[in-house]
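Heads up, the thing below is written out as structure tokens.
Each chain gets a letter, A, B and so on, in the order its sequence line appears, and its residues count up from 1. Everything numeric here is computed off the predicted structure, so don't read it as measured data.
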Amino acid sequence: MLIFGVLRSGLYSLASVGLALSVGVIGIVNFAHGEFLMLGAYMGYWLFASYGVDPLAAIPLGAAGIFLIGSLTYRSAIQRVLRAPELNQMLLTFGISIFLQNLAIILWTGDPRVATVSYKATAVSLGPFTVGLPQLLVFAVAMTLTLSLYAVLGRTRIGKAMRAVAQNRLGASLLGIEVDRVYLLAFGLSTALAGTAGLMITLQLSVSPFIGLLYTLKAFAIIVIAGLGNINGVIYASLVLGLSEAFVEFYVPQGGGWAEGVFFLLILLVLLVRPQGLFK
Amino acid sequence: MWDVRLRVNPGEIVCLVGANGAGKTTLLRAITGVLPPRGEVAFEGRLITGRPTAAIARMGIAHVPEGRQLFPAMSVRDHLELGAAFVPGAWERREKTTEEIFTLFPRLHERQHQLAGTMSGGEQQMLAVARALMARPKLLLVDEPSLGLAPVLVQTLFRTLQEINRHGLTVLLVEQNVRQTLQMAHRGYVIENGRIVLEGTGSELLANEHVKVAYLGL
């Protein structure tokens with residue numbers, strides 16, 4: 001059970017760290033986050049179905065594609081509401097979410113699609129445990145990418161500039177940092193990370209225009225557990241969610257269905273008991 | 001603001017003194033584009049009115065703003081690095097500049113791994129000045145560095161500013177601490193209700209009757 005929870009948390013980290021970046025750096029609560037994940041998933045599916053590209057090998061291309069779409073979204077829409085009231089920002093991103101979802105329905109219909117990679121059913125043994133190869137690969141790649149993002153934010157000039165902008169916009173601009181370009185980069189990166197998580201989902205689950213919402217909600221739960229704006233806490237918070245879901249699946253009768261609602265309970269508990277987040 | 005005509009010559013320490021709300025901070029903000037200026041701002045013979053703040057910073061004007069505007073969850077080292085990171089020419093010389101800054105502010109050297117948010121007010125003010133100096137600016141704008149500092153620290157900070165100035169840096173200093181500031185400055189301006197009412201050398205202003213009555217309590 002533990003191992004399933006841990007494996008699942010890898011993808012959760014990658015799916016939510018982008019949202020943490022968007023909230024933390026730009027202060028935009030992006031309700032369309034899951035839709036960028038969905039677009040990434042379709043990109044993975046089509047590259048696989050049409051050209052036989054393995055979804056993991058498609059990551060560089062897919063991430064770049066979603067980065068571009070995310071940047072265009074920022075320039076055409078998000079940028080205009082940066083100083084608007086929060087409600088306007090939320091309505092806008094919610095609108096983008098509905099737009100992208102319906103666009104996907106028009107383009108690709110609402111039918112779920114499955115990419116069956118050759119190693120889909122392959123299992124590997126990890127000591128006494130047996131786990132699916134796709135799950136293991138997804139965990140490894142997702143964790144590597146999430147940790148690389150941490151390294152970029154912690155060590156590089158542009159990463160530090162991003163943190164600086166997040167902590168004090170005026171202070172950053174007085175040092176010659178172009179705040180608007182940092183926002184563009186942060187938003188593009190945020191969507192690209194979601195898209196990459198989407199690409200990897202195709203290894204395990206079916207793809208449909210409706211998969212985004214659940215991931216938006218779970219990503220919200222994770223950034224609330226981590227503490228809003230706390231990017232480093234995302235990995236631990238994902239672990240909390242992953243393990244809690246696995247726990248419910250194993251120990252609650254018919255837990256498979258209940259597990260999908262665990263994040264609601266966690267949001268509620270965290271907000272009641274420790275609203276600043278568990279890892280802040 | 002009205003009728004504000006202010007000039008800073010290379011190598012000078014110029015101060016701008018006046019009461020709370022006279023418009024000192026507003027003037028500095030207009031220079032670096034934090035507020036949109038109505039009027040003209042020129043730097044090295046070129047008009048910079050209306051340019052974005054970041055672009056002005058990269059031209060060589062460093063602004064130590066009111067309230068310091070540090071990054072609370074970042075270390076002293078990170079601040080210094082960021083100070084140099086986006087200004088042409090400053091990044092290549094960051095190691096040397098850092099050394100010089102640690103000589104000027106040994107305290108920051110001791111605390112180089114501490115987070116800015118956990119430091120005392122005086123240390124934060126030093127860090128704000130140090131971060132600005134990392135850009136190797138041609139002109140340094142300093143907004144009320146003495147605010148909230150113990151008198152001993154104010155003296156240290158002023159001495160440091162003088163020393164930096166002797167190495168060729170031009171300084172425009174905004175202060176409420178009139179006596180000390182005028183003693184240090186080459187020239188000064190007195191601003192009241194958004195207008196410049198007096199200007200002259202530091203000693204001229206110190207001897208001025210109006211200044212004596214209104215600002216020095218004599």
Next item on the list: For each of B:Ala73, B:Gly83, B:Pro65, B:Gly33, tally heavy-atom pairs with chain A at distances under 4.5 Å, and name the one with the top tally.
Entry: B:Ala73
Item checked: Toward chain B, the part of A:Ala172 with a non-hydrogen atom under 4.5 Å -> both
Using a 3.5 Å cut-off and no angle test, enumerate the donor-acceptor pairs between side-chain atoms of residues 220-239 of chain A and protein atoms at least two apart in sequence or in another chain.
unit_1, atom_1, unit_2, atom_2, d
A:Asn230, OD1, A:Asn232, N, 3.2
A:Asn230, OD1, A:Gly233, N, 3.0
A:Asn230, ND2, A:Ala226, O, 3.0
A:Asn230, ND2, A:Phe279, O, 2.7
A:Ser238, OG, A:Ser13, N, 3.3
A:Ser238, OG, A:Ser13, OG, 3.2
A:Ser238, OG, A:Val234, O, 2.7

Next item on the list: Please determine, among A:Val165, A:Val179, A:Leu174, the option with the most heavy-atom pairs under 4.5 Å with chain B.
Entry: A:Leu174
Checklist line | Part of B:Pro52 lying under 4.5 Å from any heavy atom of chain A | finding: neither
Next item on the list: Name the member of A:Ala161, A:Ala164, A:Ala166 that forms the most heavy-atom pairs with chain B at distances under 4.5 Å.
Entry: A:Ala164
Note to self: Tell me which of these, B:Val87, B:Asp78, B:Val34, has more heavy-atom pairs under 4.5 Å with chain A than the rest.
What the structure shows: B:Asp78
Check: What part of B:Ile56 lies closer than 4.5 angstrom to a heavy atom of chain A: side chain, backbone, both or neither?
Finding: neither
Next item on the list: Would you mind telling me which of B:Glu81, B:Arg131, B:His63 has the largest number of heavy-atom pairs within less than 4.5 Å of chain A?
Entry: B:Arg131
Item checked: Output field: ring centroids B:Phe71/B:His79 closer than 6.0 Å -> yes
Next item on the list: Check each atom of B:Thr32 against the heavy atoms of chain A and say whether the ones under 4.5 Å are side chain, backbone, both or neither.
Entry: side chain
Check: Taking atom types as modelled, is there a side-chain donor on B:Asn9 or B:Arg7 under 3.5 Å from an acceptor on the other?
Finding: yes
Next item on the list: Tell me yes or no: between the side chains of B:Glu175 and B:Ser146, is some donor less than 3.5 Å from an acceptor?
Entry: yes
Next item on the list: Against chain A, label B:Ala85 side chain, backbone, both or neither, depending on which of its atoms sit under 4.5 Å from a heavy atom there.
Entry: both
Notebook entry, point to check: Relative to B:Trp91, does B:Arg136 satisfy both conditions: NZ or CZ under 6.0 angstrom from the six-membered ring centre, and within 45 degrees of the ring's axis?
Noted result: no
Margin query: Is a donor from one side chain sitting under 3.5 angstrom from an acceptor on the other, for B:Thr170 and B:Glu12?
Written below: no
Item checked: Distance-only side-chain donor-acceptor flag, A:Asn30 / A:Ser22, under 3.5 Å -> no
